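Comments concern the structure below.
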Amino acid sequence: MAKPRPCGCKGIRTCLICESEYGATKLQNEDDFATAVQENSTFVYCPKCSGKAWSGWDEKLVMDEHPNHSGISINYPGIYIDMDFLSSSEAEILSKGIDETHWDLSQSGRRKQNFGPKCNFKKQKIAVGSFNGFPEFSLFVQEKFKLVPIMEGFQTIEQCTLEYNPDRGASIDPHIDDCWIWGERIVTVNVKGDSVLTMTYLQEKDRVRYNLSLAPASYLQFDESLSNVIVRIPMPERSLLVMTKEARYQWEHRILRDDVKELRLCLAYREFTPPYLQEGENFGPRIQEIYDLASKKVTLL
C-alpha cells in the first residue's frame with residue numbers, strides 16, 4: 001500500500017474506494033472520539049460568541065443555542081468566522097468556474113486544483129513550477145479579503161481548490177500547515193456544503209514536525225491541560241474561516257469522514273512567512289517572480 005493507488009491515495013491514506021477494492025485499512029476511526037464525548041472534553045466554537053467554545057460535539061446544536069448556551073465554555077483564541085462572506089450568487093460563480101477547471105486526484109478521497117509555487121517542505125526549497133497566476137473567475141475573492149480587517153496586508157501566494165465527496169469517503173488527516181513557508185493566517189473560503197474542522201491539541205512528541213520551530217515563539221507556549229481537549233469549528237457554506245495564533249500553531253486540524261455529509265467545495269489561501277515578504281531576509285529574484293505571477297490572472301479553457 002506504499003505506492004500511489006488509482007484513487008489517488010498512497011501510504012497510510014485511504015478512501016472508500018481503496019478500502020473496498022484494495023483492502024486498505026482506515027487509519028482514523030471516528031469512534032475513537034466517543035470517549036472524549038463521554039468525558040465532556042469536546043467543545044464547539046460558536047461563531048457568534050467572542051472567542052469561546054462550548055461543551056458539546058454537534059455544531060448545529062451548539063450554534064442553535066446561541067446566546068443561551070448551556071454547559072461550560074473555554075476560551076479559544078485564533079479563530080475568525082464570517083458566516084456570510086460569499087453571497088449565493090458569488091458561490092454559484094465560483095462553483096461554475098471550479099466545475100469547468102481540470103481536477104487532479106488527491107489523497108483520502110479528495111480532488112484538488114492547485115495554483116501556486118512548488119514547495120519542498122523537507123528541503124525548504126521553493127520553485128515557480130507550473131504556477132502562472134490565479135484563475136480569473138475567483139479573483140473577486142481576493143478583492144473581498146481587503147474588506148476584512150483581519151486580512152489586512154494578506155498577499156495570496158497559493159490558492160488550492162479542494163473537493164470533499166461523501167461517496168468517496170473524503171477526509172483529511174490531522175495536520176498543521178507547514179511553518180517554514182506559509183504565514184500565520186490560514187484561510188478557507190467554503191463555497192459549497194457545510195462541514196466542521198476538528199481540532200486536537202498537538203502532543204509533545206509531534207512538536208518537532210511541520211517546521212514548527214520556525215513559528216513565532218510567542219505562539220509556542222503550550223498548555224498541557226489542553227492535551228485531551230477537542231474543539232469543533234463550524235464551516236458553514238459560503239463562510240470565511242481564518243485560523244491564526246494559537247489555533248494555527250498549537251492545534252492539529254482535520255476533517256472527519258463523518259462530517260462530509262454532502263459534496264463540499266472550498267478554496268484554501270496561503271501567504272508567505274515574514275522572511276519571504278518583500279522586506280524579509282529570504283526575499284530575492286525568485287520570490288519576486290512568484291509575487292509577479294501572483295498578480296496575474298489566468299483565463300482557463
Side-chain angles (χ1 to χ4, degrees), residues 28 30-85 148-151 171-177 184-190 193-204 206-207 210 212 215-216 218-261 264 266 268:
Q28 178 66 61
E30 277 74 3
D31 292 340
D32 294 345
F33 294 103
T35 300
V37 174
Q38 293 170 359
E39 294 177 351
N40 296 318
S41 59
T42 66
F43 296 82
V44 174
Y45 185 89
C46 178
K48 296 181 180 179
C49 292
S50 179
K52 284 192 176 296
W54 298 84
S55 56
W57 178 267
D58 189 314
E59 76 285 357
K60 289 183 172 61
L61 289 178
V62 172
M63 288 194 294
D64 286 346
E65 284 185 340
H66 182 85
N68 301 311
H69 293 286
S70 58
I72 61 175
S73 67
I74 61 171
N75 293 324
Y76 198 78
I79 295 293
Y80 172 87
I81 300 176
D82 182 341
M83 299 281 281
D84 297 300
F85 177 70
V148 182
I150 197 173
M151 295 292 289
S171 64
I172 191 166
D173 290 327
H175 68 283
I176 288 175
D177 286 54
E184 181 179 324
R185 290 169 288 192
I186 302 300
V187 180
T188 303
V189 175
N190 295 284
D194 298 339
S195 194
V196 187
L197 271 186
T198 297
M199 316 289 289
T200 49
Y201 207 63
L202 186 64
Q203 301 301 302
E204 185 174 5
D206 294 320
R207 293 173 193 168
Y210 311 119
L212 198 64
S218 58
Y219 299 134
L220 298 180
Q221 307 301 312
F222 290 89
D223 181 353
E224 304 305 335
S225 69
L226 297 172
S227 60
N228 294 319
V229 170
I230 296 169
V231 177
R232 307 255 291 162
I233 311 293
M235 296 191 296
E237 184 174 87
R238 299 189 295 107
S239 67
L240 167 69
L241 169 68
V242 184
M243 275 197 303
T244 66
K245 303 178 181 179
E246 291 90 342
R248 189 265 192 263
Y249 295 111
Q250 296 185 11
W251 298 76
E252 291 182 307
H253 58 277
R254 73 187 79 188
I255 295 180
L256 301 172
R257 182 180 292 177
D258 285 356
D259 287 323
V260 182
K261 298 179 173 64
R264 175 179 181 248
C266 70

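Remember, predicted model here, so these are calculated numbers, not experimental data.
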Problem set entry | Test applied, side-chain hydrogen bond (donor to acceptor under 3.5 Å, both in side chains); reference residue, H253; option that passes from T200, D177, D173 |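 Among T200, D177, D173, the one meeting side-chain hydrogen bond (donor to acceptor under 3.5 Å, both in side chains) with H253 is D177.
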Spell out, as yes or no, whether a donor-acceptor pair under 3.5 Å connects the side chain of [X] to the backbone of [Y].
X    : Y    : result
Q250 : Y219 : yes
R264 : D259 : no
Y45  : I79  : yes

Shortest non-hydrogen contact from [X] to [Y]?
X    : Y    : value
H66  : C49  : ND1-SG, 3.5 Å
G71  : S55  : CA-OG, 3.5 Å
G78  : A247 : O-CB, 3.6 Å
I150 : R185 : O-NH1, 3.0 Å

Exercise. Going by the angle between their ring planes, with limits at 30° and 60°, are W251 and Y201 parallel, tilted or perpendicular?
Worked result: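 Perpendicular: the ring planes of W251 and Y201 meet at over 60°.
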For this session: Classify the ring geometry between W54 and H69 as parallel (under 30°), tilted (30 to 60°) or perpendicular (over 60°).
Result: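 Correct class here is parallel.
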Spacing of [atom1] belonging to [X] relative to [atom2] belonging to [Y], to within rounding of 0.5 Å:
X    : Y    : atom1 : atom2 : value
S50  : Y76  : OG    : OH    : 15.0 Å
D58  : D64  : CG    : CG    : 8.5 Å
S218 : E246 : OG    : CD    : 8.0 Å
C266 : I255 : SG    : CD1   : 6.5 Å
R257 : I172 : CZ    : CD1   : 13.5 Å
E65  : K48  : CD    : NZ    : 12.5 Å

Problem set entry | Distance-only donor-acceptor check, side chains T42 and R232, under 3.5 Å |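 Judged by distance alone, the side chains do not pair up.
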So [Y] and [X], do their side chains get closer than 4.5 Å, heavy atoms only?
X    : Y    : value
V231 : I233 : yes
V189 : F85  : yes
D206 : I176 : no

Tell me which donor-acceptor pairs under 3.5 Å the side chains of residues 234-241 have, and how far apart each pair is, sequence neighbours excluded?
from	atom 1	to	atom 2	distance (Å)
E237	OE2	G193	N	2.7
R238	NH1	L86	O	2.5
R238	NH2	D84	OD1	3.4
S239	OG	N190	ND2	3.2
S239	OG	P236	O	2.6

Problem set entry | R207 to F222 six-membered ring, cation-pi geometry met (6.0 Å, 45°) |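 Yes.
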For this session: Using a cut-off of 6.0 Å, state whether more than 12 heavy atoms not belonging to K245 lie near its atom NZ.
Result: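 Not buried by this count: 12 neighbours or fewer within 6.0 Å.
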Problem set entry | Whether over 12 other heavy atoms sit under 6.0 Å from E224 CD |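 Yes - once you tally the heavy atoms of other residues, nucleotides and ligands closer than 6.0 Å, there are more than 12.
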For this session: Take V229 and F43, measure what side chain to side chain contact (heavy atoms under 4.5 Å, CB included) needs, and give me the verdict at the end.
Result: CA-CA 8 Å; V229 170; F43 296 82; 3.9 Å; yes
Exercise. Can you list the steps and then say if L256 with V196 is a side chain to side chain contact (heavy atoms under 4.5 Å, CB included)?
Worked result: CA-CA 8 Å; L256 301 172; V196 187; over 6 Å; no
Exercise. Of all residues at least two apart in sequence or in a different chain, which pass the ring-ring contact (aromatic ring centres under 6.0 Å, His included) check with Y210?
Worked result: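 Residues passing ring-ring contact (aromatic ring centres under 6.0 Å, His included) with Y210: none at all.
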Exercise. Step by step, would you call V148 with V242 a side chain to side chain contact (heavy atoms under 4.5 Å, CB included)?
Worked result: CA-CA 11 Å; V148 182; V242 184; 5.8 Å; no
